**Student:** 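Input: one structure, supplied below.
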Amino acid sequence: MFIALVKLQIKPELVDEFKTAILKNAELSVQRDPGCVRFDVLQQEDDPTRWFLYEVYEKEQDWVNHRAAAHFLAFMEVGTRAIATRELTKLTGINVKA
């Protein structure tokens with residue numbers, strides 16, 4: 001499994017617009033992107049401008065393909081204006097089942 005953990009700082013005046021756009025992107029990613037297993041959107045409780053994305057794909061190429069999808073490009077119209085800083089960590093996931 002390939003995991004993208006994205007840490008974002010959002011401009012305060014664009015938090016609401018960002019929230020709407022990222023939630024739509026996440027929903028469409030899970031529905032439409034082949035290989036997208038999970039897409040969690042997290043907002044820090046004590047700082048509404050701090051966000052984390054936890055994206056799980058079957059393989060890294062699925063994540064690369066996601067970034068070319070129409071819904072991702074539509075999200076980036078907002079994201080480009082709203083994101084002040086972005087930190088990406090790529091991880092390899094090991095699914096442990098009970």
Side-chain angles (χ1 to χ4, degrees):
M1 256 187 243
F2 172 80
I3 298 163
L5 180 60
V6 187
K7 182 178 177 180
L8 302 168
Q9 179 76 45
I10 305 304
K11 296 173 185 173
E13 67 275 15
L14 295 173
V15 166
D16 290 338
E17 188 176 357
F18 172 81
K19 181 178 182 178
T20 299
I22 192 60
L23 290 175
K24 183 173 184 177
N25 178 55
E27 180 181 1
L28 293 174
S29 296
V30 172
Q31 290 175 356
R32 298 181 182 174
D33 291 348
C36 182
V37 176
R38 182 181 189 107
F39 195 128
D40 293 339
V41 178
L42 310 157
Q43 185 180 26
Q44 190 168 316
E45 285 187 6
D46 63 349
D47 183 352
T49 68
R50 302 293 293 167
W51 292 73
F52 300 84
L53 308 178
Y54 180 77
E55 305 175 47
V56 180
Y57 296 86
E58 291 177 8
K59 56 187 181 288
E60 187 170 3
Q61 186 60 48
D62 295 329
W63 175 74
V64 170
N65 295 343
H66 152 74
R67 294 176 56 82
H71 58 87
F72 176 81
L73 299 175
F75 157 72
M76 283 305 294
E77 290 178 17
V78 174
T80 300
R81 291 183 290 108
I83 298 169
T85 63
R86 176 181 174 268
E87 180 183 324
L88 169 66
T89 303
K90 294 179 179 182
L91 304 162
T92 299
I94 302 167
N95 190 4
V96 178
K97 295 183 181 187

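If you're wondering where the values come from, they're calculated on a predicted model, not measured in any experiment.
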**Student:** Would you say Tyr54 and Val37 are hydrophobically clustered, going by side-chain heavy atoms of ILVMFWY under 4.5 Å?
**Tutor:**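 Shared cluster, yes.
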
**Student:** Phe72: which residues meet the side-chain contact (heavy atoms from CB on, under 4.5 Å) condition with it, sequence neighbours left out?
**Tutor:** Asn25, His66, Arg67, Phe75, Met76

**Student:** If you group Ile, Leu, Val, Met, Phe, Trp and Tyr by side-chain heavy-atom gaps below 4.5 Å, do Val30 and Val64 land in one group?
**Tutor:**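 Linked within one cluster.
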
**Student:** Output all residues satisfying salt bridge (charged side-chain N to carboxylate O under 4.0 Å, His left out) with Asp62, sequence neighbours left out; order by chain, then residue number.
**Tutor:**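 Counting only residues at least two positions away or on another chain, Asp62 forms a salt bridge (charged side-chain N to carboxylate O under 4.0 Å, His left out) with Lys59.
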
**Student:** Please list, chain by chain and in numerical order, all residues satisfying side-chain contact (heavy atoms from CB on, under 4.5 Å) with Leu73, sequence neighbours excluded.
**Tutor:**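 Checked Leu73 against side-chain contact (heavy atoms from CB on, under 4.5 Å); zero matches.
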
**Student:** Using 0.5 Å steps for rounding, measure from the CE atom of Met1 to the CG atom of Leu91.
**Tutor:** 12.5 Å

**Student:** Do Val56 and Leu88 sit in one hydrophobic cluster, given that two such residues count as connected whenever their side-chain heavy atoms are within less than 4.5 Å of each other, even indirectly?
**Tutor:** no

**Student:** Applying side chain to side chain donor-acceptor pair (under 3.5 Å), can you list everything that pairs with Gln31, at least two apart in sequence or on another chain?
**Tutor:** Glu27

**Student:** Under the salt bridge (charged side-chain N to carboxylate O under 4.0 Å, His left out) definition, can you give me all pairs with a residue in residues 81-95, not counting sequence neighbours?
**Tutor:** Glu17-Arg81, Glu60-Lys90

**Student:** Membership question, hydrophobic clusters at under 4.5 Å side-chain separation (ILVMFWY): are Leu28 and Phe18 in the same one?
**Tutor:** no

**Student:** So Thr89 and Lys7, do their side chains get closer than 4.5 Å, heavy atoms only?
**Tutor:** no

**Student:** Applying side-chain contact (heavy atoms from CB on, under 4.5 Å), name anything that partners Thr85, two or more places apart in sequence or on another chain.
**Tutor:**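 Partners of Thr85 by the side-chain contact (heavy atoms from CB on, under 4.5 Å) criterion, ordered by chain and then number, come out as Gln9, Arg50.
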
**Student:** Report, as yes or no, whether the 6.0 Å neighbourhood of atom CG on Asp16 holds more than 12 heavy atoms from other residues, nucleotides or ligands.
**Tutor:**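 No - once you tally the heavy atoms of other residues, nucleotides and ligands closer than 6.0 Å, there are 12 at most.
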
**Student:** Enumerate the ring-ring contact (aromatic ring centres under 6.0 Å, His included) contacts for residues 77-98, please, sequence neighbours excluded, ordered by first and then second residue.
**Tutor:** none

**Student:** Could you pull out all residues at least two apart from Asp40 that satisfy salt bridge (charged side-chain N to carboxylate O under 4.0 Å, His left out)?
**Tutor:** Arg38

**Student:** Taking a hydrophobic cluster as the set of Ile, Leu, Val, Met, Phe, Trp and Tyr residues connected by side-chain heavy atoms closer than 4.5 Å, whether directly or through intermediates, do Val6 and Leu14 fall within one such cluster?
**Tutor:** no

**Student:** Set out, in order, the CA-CA distance, both residues' side-chain angles and the distance that settles side chain to side chain contact (heavy atoms under 4.5 Å, CB included) for Ile10 and Lys19, then state yes or no.
**Tutor:** CA-CA 10 Å; Ile10 305 304; Lys19 181 178 182 178; over 6 Å; no

**Student:** Which residues pass the side-chain contact (heavy atoms from CB on, under 4.5 Å) test with Val41, not counting sequence neighbours?
**Tutor:**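 Val41 satisfies side-chain contact (heavy atoms from CB on, under 4.5 Å) with Ile22, Leu23, Ala26, Phe39, Trp51, Leu53 once adjacent residues are dropped.
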
**Student:** On a heavy-atom basis, which atom in Gln43 and which in Pro48 lie closest, and how many Å separate them?
**Tutor:** NE2-O, 2.9 Å

**Student:** Should side-chain heavy atoms under 4.5 Å link Ile, Leu, Val, Met, Phe, Trp and Tyr, which residues sit in the same cluster as Leu42?
**Tutor:**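 Besides Leu42, the cluster holds Phe52.
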
**Student:** With side chains defined as the heavy atoms from C-beta onward, is the minimum distance between Cys36 and Glu55 less than 4.5 Å?
**Tutor:** no

**Student:** Once side chain to side chain donor-acceptor pair (under 3.5 Å) is applied, do any residues pair with Gln61, and if so which ones, sequence neighbours excluded?
**Tutor:** Asn65

**Student:** Does atom NZ (Lys11) have a neighbourhood of more than 12 heavy atoms from anything else shown, all under 6.0 Å?
**Tutor:**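 Check passes, neighbour count above 12.
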
